[in-house]
Amino acid sequence: MSMWIGPMKKHVEGHKELTNYNEIVRLTAPKLVYIPIFNFNSTSFELFVKEGDRVLVNTKLAVRNDNMTVPLFSPVSGTIKGIQKVMHGLLKPLDHFVIENDGLYEKTEAFAPLNWQEATRQELIDFMMNAGIVGCGGAGFPTYIKYKFAKNVETLLINGVECEPYITADYRMIEENIQDLMIGTQAMLKAADGKKAMIAVKETKKELLVKLKEAAASYPSIEIKAVPDMYPMGWERTLVYQIFKKRYNKLPGEVGVVVNNATTAIAFAHALKGQPIIEKMITVSGDGIARPANVLVPVGMKAADIVEQLGGYTADEISCIAGGPMMGKTITNDQFVTTPYTNAITILKTRPIDAIECLRCGRCNDTCPAGLLPVRINNAEKAKNMDMIEKLNVNDCIECGLCTYVCPSKLDVTEGVRRAKRILALKK
Amino acid sequence: MKFTFRPSPNARNTQSTKGIMFELTLGLLAVFLFALAFYYVEYGMSYVIHALSLMATSVLVAAITEVLWCVFLKKDIKKHLSSSFPIVTSTILVLMVPISTTLYAMAFGSFFAIFFAKLLFGGFGHNIFNPAAAGRAAMLTSFAAAVTVDMTTGPTPISSIANLGWIVTDQTVLGELLAQFGGLQGLLLGWYPGALGETSALLILVIGIYLGYRKVLDWRVPVFYIGTVFALASVIALVRGLGIWYPMYHILAGGLMFGAVFMLTDPVTNPTSAAGRMIFAIGCGIITVLIRVQANLPGGVLYSILIMNMFTPTIERLTDGWQIKKAKSYAISIGTLSLTGIVLFVFIANIMIPVVPKEPEPEVPVITLGDPIGIFSPATSTATPELTNTVTDGNVVTYTVSSKGYAILEGGYEGAKPNVFEIKIDTAANKIVSVKFITFSDTKGIGDKVESAIFLDQFKDLSIDDEAISVDSVSGATITSVSAARAVRFAIETWKGE
């Protein structure tokens, strides 16, 4: 395949050493926390609290009420100050609950714990839904949906690859919670009714691999798999192809695989003990932050508050990215908040980019993990050739950013593909 | 605090187009240094100076053309030059020409490459044809004879095999062909005259592997190009029973290796997909071998690139789509193209005709006539010839007479035999009709001058009744001349005696 198309992946400089071995910093929740009333692509929620209500840690604030069910929980105890539009990490303004933190951290039970070994498959899936487990890899897709529709599952693939540069949150999360990862994986395997589970980690993380193999030795259904240090190895399609040499059309279920993030599996294990996702391990890294670190923060904490506790910015001109530098959106302020699916904030010093003409080298085409032709899409977009844009299958682009990354002429190739997607969507 | 916005991704690879072009230029300069070393060792400093002048001319003309373009179009000169890379084109161009090229031809080529082939198309990134190849083609057609007289070198591998019709079945001829360049090994090393940068296949190969490893160029292009040429030459070799030397000669000789590494890989004029570049390279390979063996044209590599450049947009269209879904159709296209090439060359191999190299023309002996010999003089009275045959046909009597030439001399060389003449006498008109040699036995290269019509025609129409008749002897071949006169005297006397 790579003969005709190219490698469809590339090693990307990781900069992981900035945060890999640092101590995990637990940050205290600020006076005000902001909970986005949003999940995946939906803002349709039933609200359980209103302005002036007192809430406790774990109080259910709202639940998504369209075709999927996702509850939101309070990370602090305090008073609801209202609902406010705030810039979200996905670069769009959204409604957020504003909670005034009283600093008492009075707790309530979010939901009853569950013994996964005794629970049925259906019970596990329902539990997953009511516990608000979402994909912690960055997208926040409700996890239970994957299990609800899982059929003939051969392998549950737990994704601990973490291919984005700078981010080490999953790595530290796994390292700190190896036993919970094993429990979460087994419970998910049961929920998927699968035959075996595989935990994939980059082959470069040798120490972690040793620890994982040790822990998995007592669980015959769990296999530890080392994969190459390439980007975007953490993308479902790339990972499934790497391990199983199979491609699928829409969902990995077509080839008998269910994929979940390692942190999600750990979150599920925590949920089984009665703990919803109200706290998140986040990597705050880059050359624009004084003390890069992995931080444990409550959901709903503003980036500005996190940065302040880590010594502030190192330059006057920076790019503040919600997520990693490849797929994360650049936000023009630091007022966005952490969510259950936030895994990083990357702060980089602004560097000038000297773009020149496209030299038609085709590196973007060779490395595109989706097998698209980004330079051709860009040309078609410039010519506003709709038929061509459609023929080039532009909607399969996941905006992984690799085409811009590899471009030697420093062009914004990914942005061109985004524009193509946009004008195609407008036309329809 | 200022938050800058940039669409994601915010991470960038360190490799830049400028870096790519810089590494490419270094590779080209290494090839140029090899050429300088060769000409210094084999031909001396004046050749080196001329090579450097060619380089200076090409680079300067390219730069001046770009600067003037900026001035006329009111562009920022510094910005334009740093993203237009005239040095790469002009250096490649120098490496493609022979040392004997004149400076004005070089200047013309460089200007053509930069102005017509690149700037007029919209500059770097927009040109359809490889600028260096276009410049070289323009030089070939416009200045075919623009060579400096005092820069003579030997034959090139391409011209040598082209003179033999690109097919050599005779082992002696093959031996001579290969020996000129020190065998296949010599072709690999490239220590022979040719286009400045095209001779050392080995050096170019090493640089190519390095540039491929550095991702400056896509390995697919040179590998598939050289592979195609090798495969098609092997087809010819198999069909015509030639050895492995034949495909090796094809890939080592001429501009093939240089073209494969430095010219075909020009990304601007390549298709942008991996499969497209493979199709491009295979197409170039087919056309290169086709031009070499079937067209009386130098520069098969050059023209194959220019022809395939025209197909680049078509190939792009062919490979457009979702690569994962199209992978199978890519494989089929490439397979079909390769198979077509093979079938084509099975056919072509059968119609190829080896050109037999001409034997050196024998030197025409210069014949001057000297002292006269009287037919009835005392010189012809000794050593009586022998009559070996008589034929009478009406009025014409034909005598075959054996008359000693060198054989007459005592101490003459071992086994000397007499010369045999055929003398015709018209008995009605009493005239000699003709004198011819039947067997010549004297020294070759000297005595055989007597066989010349200049000498023998003197006998024609001589009266047999006149005792004073004479012919002029051939200078330096008096003894043989006398043997002829003696034979004629003997024939006349035989006739009269009857």
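Any value given below was found using the heavy atoms of this structure, including those in side chains, with hydrogens, waters and symmetry copies removed. Numbered from 1 within each chain, the chains take letters A, B, ... in sequence-line order.
Residue contact with chain A, scored on non-hydrogen atoms closer than 4.5 Å, is absent for B:T265. The contact between A:D334 and chain B is made by backbone and side chain atoms together, counting heavy-atom distances below 4.5 Å. Residue contact with chain A, scored on non-hydrogen atoms closer than 4.5 Å, is absent for B:S329. Contacts of A:M326 with chain B are made by both backbone and side-chain atoms, with heavy-atom separations under 4.5 Å. Contact annotation for B:V216: only backbone heavy atoms (N, CA, C, O) come within less than 4.5 Å of a heavy atom of chain A. Of the atoms belonging to A:R351, it is backbone heavy atoms, and not side-chain ones, that fall under 4.5 Å from chain B. In this structure, no portion of B:S82 lies under 4.5 Å from any heavy atom of chain A. Residue contact with chain B, scored on non-hydrogen atoms closer than 4.5 Å, is absent for A:N379. Interface residue A:L411: only backbone heavy atoms are found under 4.5 Å from chain B. Of the atoms belonging to A:E317, heavy atoms from both backbone and side chain fall under 4.5 Å from chain B. Heavy atoms of A:I356 lying under 4.5 Å from chain B belong exclusively to its side chain. Contact annotation for B:K325: only side-chain heavy atoms (C-beta onward) come within less than 4.5 Å of a heavy atom of chain A.
Atom CG of B:D76 sits in a crowded spot, with more than 12 heavy atoms from other residues, nucleotides or ligands closer than 6.0 Å. Within a 6.0 Å radius of CZ in B:F3, more than 12 heavy atoms belonging to other residues, nucleotides or ligands are found. Summarising the local packing, NZ of A:K245 is surrounded by more than 12 heavy atoms from other residues, nucleotides or ligands at distances under 6.0 Å. Shown here is A:Y248, whose OH atom has more than 12 heavy atoms of other residues, nucleotides or ligands within 6.0 Å. Atom CZ of B:R317 has 12 or fewer heavy atoms from other residues, nucleotides or ligands within 6.0 Å. Within a 6.0 Å sphere centred on NZ of B:K75, other residues, nucleotides and ligands contribute 12 heavy atoms or fewer. The local environment of NZ in B:K215 is sparse, with at most 12 non-hydrogen atoms from other residues, nucleotides or ligands closer than 6.0 Å.
The most heavy-atom pairs under 4.5 Å with chain B, out of A:D396, A:I377, A:I347, A:V413, come from A:D396. When A:L348, A:N333, A:T414 are compared by the number of non-hydrogen pairs under 4.5 Å with chain B, A:N333 comes out ahead. Of the residues considered (B:A275, B:P7, B:S83, B:G19), B:P7 shows the highest number of contacts with chain A, using heavy-atom pairs under 4.5 Å. With chain B as the partner, the residue from A:L91, A:I318, A:V394 showing the most heavy-atom pairs under 4.5 Å is A:I318. Ranking A:E13, A:E415, A:K329 against chain B, the residue ahead of the rest is A:E415, based on heavy-atom pairs under 4.5 Å. Here A:K391 is the residue among A:K391, A:K10, A:E399 with the most heavy-atom pairs under 4.5 Å with chain B. Options A:I321, A:L402, A:D354, A:I353 differ in how many heavy-atom pairs under 4.5 Å they form with chain B, and the most are formed by A:I353.
No salt bridge links B:R6 with A:D412; every basic N to acidic carboxylate O contact stays at or beyond 4.0 Å. Salt bridge annotation for B:E316-A:R360: present, with a cationic side-chain nitrogen under 4.0 angstrom from a carboxylate oxygen.
Contact of the B:M21 side chain with the A:L359 side chain is registered, since non-hydrogen atoms from C-beta on lie closer than 4.5 Å. Within the 4.5 Å cutoff, no side-chain heavy atoms of B:S8 are placed close to those of A:M327. Residues A:V406 and B:Q15 are not in side-chain contact: their nearest non-hydrogen atoms beyond the backbone lie 4.5 Å or more apart.
Taking all atoms of both residues into account, the shortest heavy-atom contact from B:P267 to A:C361 is CB-CA, 3.7 Å.
Remark: side-chain polar atoms of B:T17 are paired, donor with acceptor, to backbone N or O of A:P408 under 3.5 angstrom. Using modelled atom types, one side-chain atom of A:K410 and one backbone atom of B:N13 make a donor-acceptor pair closer than 3.5 Å. Between the side chain of B:R220 and the backbone N or O of A:W4 there is no donor-acceptor pair closer than 3.5 Å. Judged by distance alone, the side chain of B:Q323 and the main-chain N or O of A:N365 form a donor-acceptor pair under 3.5 Å.
In this structure, CZ in B:F5 is found 8.5 Å from CD1 in A:I331, a value given to the nearest 0.5 Å. For the atom pair CG of A:N393 and CD1 of B:I324, the computed distance is 9.0 Å after rounding to the nearest 0.5 Å.
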* To do: Let me see the working for A:L392 and B:D320 under side-chain contact (heavy atoms from CB on, under 4.5 Å), right down to the final yes or no.
  => CA-CA 7 Å; A:L392 292 168; B:D320 269 345; 3.8 Å; yes
* To do: Assess whether salt bridge (Lys or Arg N to Asp or Glu O under 4.0 Å) is satisfied between B:D218 and A:R363, documenting all intermediate values.
  => CA-CA 9 Å; B:D218 182 8; A:R363 279 170 177 73; over 6 Å; no
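Under the side chain to side chain contact (heavy atoms under 4.5 Å, CB included) criterion, B:A63 pairs with no residue, sequence neighbours left out. Applying the salt bridge (charged side-chain N to carboxylate O under 4.0 Å, His left out) rule to A:K384 yields the partners A:E381; only residues at least two apart in sequence or on another chain are considered.
Residues of residues 366-375 of chain A that come within less than 4.5 angstrom of chain B, heavy atom to heavy atom, are A:D366, A:A370, A:G371, A:L372, A:L373, A:V375 in numerical order.
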Kindly list each side-chain donor-acceptor pair under 3.5 angstrom involving residues 117-126 of chain B, sequence neighbours excluded, with atom names and distances?
residue, atom, partner, partner atom, Å
B:K118, NZ, B:E66, OE2, 2.8
B:K118, NZ, B:S84, O, 2.7
B:K118, NZ, B:S84, OG, 3.1
B:H126, NE2, A:E357, OE1, 3.0

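In this structure, a donor-acceptor pair under 3.5 Å is absent between the side chains of A:T346 and B:N10.
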